[in-house]
Amino acid sequence: MLLEIIDIAVHYGKAEVLRDLSLHVAEGEIVTIIGANGAGKSTTLRAISGLKSVSAGEIKFNGKRISGLKSHEIVRLGISHVPEGRRILAPLSVMENLEIGAYLRKSKKEADSGFQNIFDHFPILRERKNQIAGSLSGGEQQMLAIARALLNQPRLMMMDEPSMGLSPLVVEQVGMIIKEINGRGISIILVEQNARMALNLAQRAYVLEAGRCVLEGEAGAMVDDERIKHAYLGG
Amino acid sequence: NAAPATPPAPVSAPATEAKILKLGCTLPFTNSLGIDTKKALEMLVPAFNEAGGLTVKGQRYNIDIIIYDDKYTADGGRAAVERLVNEDKVNYIVCQVGSAPIVAGLAVTEPAKVLVFCGGASGKIIAPQNKYTYGTATWRTNLAPLFPLLTKSFPNAKTMVNLSPDDETGKALAADNAKVATALGIKVLDNIFYPRDTQDFAPFATKIMVLNPDIMDYPGAVAGTQFGLQFKALYEAGYKGVHVSPMQPNLIEVLAVTPKESMENLISIIPSTDVPNPSEMAKKYKADWVAKYGEWSSASLNWIPAFYAFIEAVKKADTTDAEAIATYLSANGVQWESPNGKGMLVKRPDLKGDRFCDTCASLDFGIFKNGKYEYLGTLSPEESLKANETAFGGTWK
Amino acid sequence: MSPGLFIQLIVNALTIGSIYILMVLGLDIILRGTKILNFAHGQLYMLGAYVLLLFFQTLNLNFALALILSGATLALVGALSYLGVFAVLSRRFTVSTTFSYRLLLSAMASVGLMMILQQGTLLCFGTQERGILSPFPQIIDVFGVRISLTRVVIIFLSILICIGLFFLMYKTRFGKIMRAVSYDPEAVTLQGINTFWIFVSCFALGSALAGLAGGIIAPLFSVTPSMGQNIIFMSFLVLLVGGIGSYRGTIAGGLLVGLLLSFGFQFLGGIAELFVFILVIVILVFRPGGLLGEATE
Amino acid sequence: MALLEIRNITKIFGGLIALRDVSFDVNSSEIVGLIGPNGAGKSTLFNIISGFHHPDKGRILYKDVQINGLEIDRIARMGIGRIFQEPTLFMQETVFENVISGLHRHYQEAAWKALLHTPGANREENNKRDKALGILEFMELSSLKDELAANLPHGWQRVLAIAIALASEPDLLLLDEPVTGMNPSETASMIEKIRQIRERGVTVLIVEHDMRAVMSLCDRIIVLNLGVKLVEGTPDKIKNDERVIEAYLGKQVL
Amino acid sequence: MKLLNSSTVSRNSRLKLGAIIVALAVLIILPLCIESDYIKHLLIMVCIGTILGMTFSMLYSAGLITLGAAAFYAVGAYTSTMLVTSLGLSFWAALPLTIIISAVLSLGFGAIFVRNAGVAFVIITLIFVQVIVIAAGQIEFLGGWGGIMNIPRPDSLGPVEFVSKRDCYYLILAILLLIVVIYNAIYSSRIGRAWRAIKLSPNLAGTLGINAYRYRLLAFVIGSTTAALAGCFYAHYFQNITPGAFAGWLSIYVQLYAVLGGLEFYILGPAIGSVIMTFVPEYLRVVKEIEPIITGLLLLIIILFFPGGILGTIKNPPDFNLTQLKSRLNRMRISKAQGDKS
Ligand SMILES: Nc1ncnc2c1ncn2[C@@H]1O[C@H](COP(=O)(O)OP(=O)(O)OP(=O)(O)O)[C@@H](O)[C@H]1O
Ligand SMILES: Nc1ncnc2c1ncn2[C@@H]1O[C@H](COP(=O)(O)OP(=O)(O)OP(=O)(O)O)[C@@H](O)[C@H]1O
Ligand SMILES: [Mg+2]
Ligand SMILES: [Mg+2]
């Protein structure tokens with residue numbers, strides 16, 4: 001098992017936002033987490049990447065306990081996180097954003113090949129290479145965020161609402177990119193409001209409600225589940 | 001040598017029970033003039049008590065001195081004086097050093113009729129309406145005696161530039177200096193003022209070298225490294241003339257920043273401990289200081305005359321009532337002797353006051369030659385007073 | 001004005017200007033990297049001078065070595081201050097903390113640090129004012145213009161440090177990361193970068209610059225406990241004139257203020273300082289963000 | 001009659017032409033959609049209308065008055081409200097206080113009366129509170145009203161942003177991606193809200209990538225691409241426009 | 001400043017009213033119970049400090065951090081002094097004139113300064129103090145660096161003569177209370193809310209029709225004028241003023257008052273801070289040389305561990321969160337275990 005989350009709880013101050021949450025991701029798998037606004041999806045991802053400390057339970061990556069490590073250490077172990085709201089580095093140029101993304105690459109050559117790869121996938125980023133990232137449009141920023149995470153060469157990539165604010169055409173592309181990334185053997189945790197797309201992409205899914213996992217199962221089966229259809233797929 | 005660790009046994013109590021006379025003082029605890037003066041007082045007062053204290057009308061008094069930090073600021077000084085006057089109920093304040101805290105305190109001490117003997121260079125301190133306040137530093141009276149000496153040593157020096165801080169004291173003293181110098185036929189080319197905290201004197205030195213004076217005068221300079229930086233800048237700019245200063249630079253500090261050569265031909269007052277035959281008092285003071293604190297600081301002499309002046313004033317007036325002492329002093333003045341030489345209160349007709357309020361003291365002069373001070377001579381307080389009368393007019397006594 | 005005087009004034013302006021530049025570059029790195037308006041910067045400068053005094057005069061080391069050591073020591077002092085004070089403070093801030101709150105609290109913390117450093121130095125070294133005799137006492141005489149070698153050395157060293165710093169900030173990854181961290185530390189952490197140490201390095205680097213400035217100036221000026229208080233105002237002024245966050249602006253601002261003061265003292269005397277202040281306000285009327293900076297929120 | 005007239009707007013950032021010669025009208029009580037690929041210039045146009053940017057060429061007329069060049073707050077006081085693409089709230093205040101701040105421009109009583117707490121001013125203050133509560137009720141935020149805005153989940157923050165904008169009682173409301181980050185059922189209720197807002201007489205100009213929302217809401221849609229107006233028309237027309245499909249919608253639309 | 005629903009409002013406001021009456025009574029009776037003029041002097045300085053602290057808080061409430069509190073404090077002191085000593089006006093005539101003159105001046109300068117928010121504003125105000133101080137020192141007409149001495153006390157009002165510390169205390173207390181009332185009214189009005197909005201998000205405030213520039217300017221003018229009022233009293237109470245008294249770190253101390261007391265408490269915060277910063281150092285005189293170190297440490301401790309200031313800490317006692325502590329311990333254990341492995 002690549003990632004195992006065992007009975008974690010997370011608090012913001014006194015409020016408990018995650019409770020007894022367990023989930024796991026196998027090597028090469030796409031897992032999606034869906035749930036309403038405020039269900040705790042982003043919090044789960046933040047707990048995994050160490051941005052938020054867990055107050056109970058533990059998280060194991062590759063058999064090794066990672067809950068308690070600092071986020072940069074977790075990233076180095078091979079978990080990339082594309083955070084909610086993109087969080088690109090607005091005052092820096094696009095290229096500088098990417099260079100920072102390539103921080104973990106050992107050599108310049110390695111980094112350069114990473115950039116080539118990125119530019120092949122996202123030609124628009126090559127065009128905007130020297131533009132200040134903050135002036136990119138929302139969609140361009142999302143691409144930059146994904147590209148930056150890819151440069152970390154993760155084994156597990158967590159994406160928090162990657163389709164947010166993207167035009168339908170690009171959403172489609174993002175879907176393809178996710179598939180492709182997965183095709184390279186990278187496992188993915190996908191948090192999406194666009195549940196239909198998420199379930200189409202994923203092998204397995206977890207449904208979160210008020211900080212607890214209420215349902216878990218094959219993604220394909222869930223698309224047909226009446227309750228899911230009603231609550232998350234819209235009609 | 002193993003000195004006995006136990007403190008000396010207290011002097012056995014005299015027959016008549018001694019009363020306590022409370023003296024107040026405020027000093028800046030964050031700069032050396034304050035700290036040196038504090039150390040001096042903490043050394044002098046216990047010694048004074050041990051030597052028998054003060055006797056007034058047959059009653060013996062021991063002095064208790066209370067020193068507070070005035071932070072060298074108006075607000076700090078005011079709070080400290082408020083506390084001395086209203087909380088500790090002192091009737092006398094001595095040895096304050098900075099103009100800002102002194103001036104701020106006057107609004108309390110004057111109405112409360114507290115006797116103040118203080119340093120402070122501002123002429124406003126000894127203004128006629130401040131009936132209970134006396135200046136015991138010689139800033140304002142040592143210029144007139146200094147210049148004749150200068151013209152005697154360097155008869156060919158005919159032009160002068162004043163370099164002084166851009167503040168109250170600097171401006172007042174520069175004006176006085178110009179007056180004294182002009183009276184002796186020296187032409188004052190310019191008065192140059194530098195902001196108080198200046199460290200870079202090169203711009204001023206450049207300006208001075210354009211004027212190329214024979215004499216450089218430093219009224220209102222601060223004794224420490226800043227003084228040294230002035231010498232250094234002039235030296236580097238190629239100045240070769242005479243320097244004159246009413247105050248002796250603190251040699252340790254000055255020589256830390258500038259080479260000895262830069263001070264060549266500096267005529268200044270020197271401390272009474274450094275003359276060829278210092279007085280017993282001066283010798284003892286220096287010895288005691290070195291025994292107690294180690295490193296000698298001649299700067300500590302500057303403000304302590306206030307203490308001796310106060311003691312003398314109480315003795316002469318033969319009362320401890322502040323108002324009575326003030327009445328006596330304003331009318332009669334007083335003379336005293338301190339490790340820093342003799343001193344006396346004088347009138348300041350030039351400041352439109354007709355009470356005794358300021359100080360003329362004996363002055364020891366030296367000149368810096370070949371890397372060290374050479375003794376030039378000593379003036380008595382009377383001679384110093386004469387020189388002032390000649391320069392500024394009026395009757396000072 | 002004779003050409004000799006002119007050169008003299010320019011040299012004076014350059015010396016003082018280059019010290020301001022070093023100070024302000026340090027202030028600016030700290031401000032941008034860690035969002036701290038560092039009021040203790042003047043005290044770090046003072047410490048730099050004292051450390052140089054210690055190594056150069058008391059321990060008799062070579063000047064260059066002593067200077068490097070004072071930079072290094074101050075980097076250490078800076079790092080420790082950051083770890084002891086600002087790191088603890090920054091844990092209180094969250095993403096939604098307003099900028100003004102953050103700015104204010106960290107500035108106040110630096111004021112606390114300032115008080116401690118200031119009085120601590122006073123207690124350690126005493127109130128006696130000190131100085132070091134310049135290791136370069138020679139006077140260069142070029143066509144009758146007398147220039148002290150110390151000043152030339154100071155200008156030269158400052159230029160050297162500026163170039164080094166420019167290289168560090170714009171040609172190395174560290175510089176980019178520093179700018180990134182100042183914007184969004186969390187996003188940078190997620191790239192596998194230990195942002196905490198970046199903050200520490202920023203503060204240490206800024207402090208080292210202050211220390212170097214203090215060390216470089218020591219042979220020219222005196223070393224006193226109050227030397228830090230005096231320079232900080234002018235440094236802030238230069239920061240403002242040049243424009244916050246602009247490397248070129250800082251250099252332009254430092255030179256401008258140096259020139260204004262140097263020529264001002266020559267032709268206006270003591271009120272030159274006031275004149276400079278007023279000029280700054282005038283500059284701000286026309287360029288609210290400083291010479292080369294942008295108006296910021 | 002056209003409430004808002006966009007006339008030949010061109011905006012250039014550095015060398016990049018973000019908008020080129022864009023013109024269209026928005027009529028009173030209409031819901032107009034503005035769609036286009038990422039980077040087409042939609043938000044830029046919003047920024048120009050609300051005064052954050054100034055166009056390099058062209059004019060914007062609102063109620064027949066030229067508004068480009070005016071200050072942000074001036075434009076707001078003329079009745080144009082907006083929400084930002086990024087969540088922009090008074091994060092350290094409660095939901096209720098956020099909405100109260102939104103009411104700012106509608107105080108009638110002179111400021112000094114408020115300082116003296118004259119009865120009129122007090123009455124007004126109470127009115128405002130009731131009004132704010134009403135808006136919270138309408139936006140279904142009542143239960144969260146004492147929560148700090150910063151602690152709300154993303155979706156609710158968007159709802160609150162709209163509530164604040166509504167509080168300023170705009171005649172024209174610019175919504176930049178209002179349903180982004182919401183799941184379909186939340187989206188559906190938001191769509192319903194926006195309809196009701198229109199029914200209150202507010203004209204809405206909306207940027208959104210959720211085609212389901214856009215198509216069902218808008219009376220008219222304007223498509224921007226690379227800063228140029230591509231087409232303008234009813235949802236049905238847009239849905240079937242080849243150029244739009246190619247540039248924006250993709251094949252598997254809806 | 002939470003807006004609560006009506007039932008709690010009435011109970012709370014009754015409680016508040018009680019507290020205010022008690023506090024007022026204490027403030028009024030205080031000088032009658034205290035013998036020492038020294039303490040009264042400190043109390044007067046506390047009142048002045050509180051006023052200055054409140055001006056800082058006012059600008060802070062609009063998102064501006066000023067280090068220039070001392071600037072208009074000085075302007076007020078000098079203006080009133082000149083009006084009284086040169087034109088021979090009575091204190092009571094000079095007071096309103098001072099206010100008007102300061103308001104006009106602050107409007108002029110504020111119009112320039114307020115264009116920059118953020119760090120630039122902080123520095124401009126800091127430098128502005130310096131400008132005022134140097135200008136006062138350079139202008140002979142204003143007494144130069146030596147300042148002005150023997151400024152008359154406020155002229156007597158009927159039987160009240162303003163000679164004793166007690167009378168002066170009542171005067172400054174009255175001024176303080178007046179300012180408190182005005183400030184309180186402003187904060188609870190829409191002006192106060194607009195300031196808060198600007199502080200939290202200038203962009204959003206703009207789209208709601210709030211002109212950030214004008215509201216900030218308003219805060220600057222009100223704050224500066226208030227400081228000038230305090231300066232006016234200061235000059236006539238102290239009876240002498242020097243430029244130096246306004247220089248240096250005075251403005252920073254003013255800031256400390258606000259931070260120490262609690263930044264979110266725009267009125268009570270500065271008051272508490274001022275009391276502490278006035279009395280503690282006075283009584284720390286015992287420890288003399290290390291006093292600044294103790295003050296510095298105290299400041300750091302408050303900022304680091306009680307960032308809400310004293311009032312903030314009382315209101316929301318820090319929650320020494322056990323879960324957090326546990327997770328930190330966990331983390332330490334892990335990093336140690338990993339250290340062992342490698
Ligand atoms: N910084 C914070 N402080 C306090 N509470 C928070 C904070 N961030 C999130 N929460 C709370 O934690 C809960 C879970 O939030 P989270 O962001 O994980 O939800 P989500 O499922 O990602 O929602 P969304 O779809 O809106 O992104 C929410 O109820 C939210 O109010
Ligand atoms: N301040 C700016 N400086 C430079 N370029 C900018 C600036 N603002 C926007 N741009 C550029 O203008 C173009 C249009 O941006 P805009 O934000 O308007 O796009 P958008 O249509 O809103 O896209 P999205 O749907 O992704 O939000 C983008 O390419 C962007 O990079
Ligand atoms: Mg989320
Ligand atoms: Mg957009």
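Below, each value reflects all heavy atoms present in this structure, side chains not excepted, and no hydrogens, waters or symmetry copies. Every chain is numbered from 1 and lettered A, B, ... according to where its sequence line falls, protein lines coming before strand lines. Since this is a predicted model, take the numbers as computed values, not measurements.
In this structure the side chain of Met115(C) never reaches within 4.5 angstrom of the side chain of Ile293(E), judged on heavy atoms. Considering only heavy atoms from C-beta on, Phe277(C) stays 4.5 Å or farther from Ile132(E) through its side chain. For the pair Phe99(C)/Ile65(E), no side-chain contact is recorded, criterion being any heavy-atom separation below 4.5 Å from C-beta on. Residues Phe128(E) and Ile281(C) are in side-chain contact: their nearest non-hydrogen atoms beyond the backbone lie under 4.5 Å apart. Put simply, the side chain of Ser100(C) reaches to within 4.5 Å of the side chain of Lys199(E), judged on heavy atoms.
Judged as a side-chain hydrogen bond (donor to acceptor under 3.5 Å, both in side chains), the pairs with a partner in residues 24-39 of chain C (not counting sequence neighbours) are, in order, Asp28(C)-Arg32(C), Asn38(C)-His41(C). Listed by first and then second residue, the side-chain hydrogen bond (donor to acceptor under 3.5 Å, both in side chains) pairs involving residues 127-139 of chain E are Asp166(B)-Gln138(E) (not counting sequence neighbours).
Residue Phe121(E) does not touch chain C at all, counting heavy-atom pairs closer than 4.5 Å. Heavy atoms of Leu237(C) lying under 4.5 Å from chain E belong to its backbone as well as its side chain. For Leu31(C), the part lying under 4.5 angstrom from a heavy atom of chain E is the side chain only. Only the side chain of Leu300(E) comes within less than 4.5 Å of a heavy atom of chain C; its backbone N, CA, C and O stay farther away. Only the side chain of Met114(C) comes within contact range of chain E, with at least one heavy atom under 4.5 Å from a heavy atom of that chain. Looking at Leu117(C), neither its backbone nor its side chain comes within 4.5 Å of chain E, counting heavy atoms on both sides. Neither the backbone nor the side chain of Phe275(C) comes within contact range of chain E, judged by heavy atoms closer than 4.5 Å. For Phe39(C), the part lying under 4.5 angstrom from a heavy atom of chain E is the side chain only.
Ranking Val111(C), Leu240(C), Leu89(C), Val88(C) against chain E, the residue ahead of the rest is Leu240(C), based on heavy-atom pairs under 4.5 Å. In terms of non-hydrogen atom pairs under 4.5 Å with chain C, the most contact-rich of Leu200(E), Leu263(E), Leu298(E) is Leu263(E). Interface check for chain C: of the options Ile252(E), Ile123(E), Leu299(E), the most heavy-atom pairs under 4.5 Å are formed by Ile123(E).
Here CG of Leu304(E) is found 10.0 Å from CZ of Arg91(C). Values are rounded to the nearest 0.5 Å.
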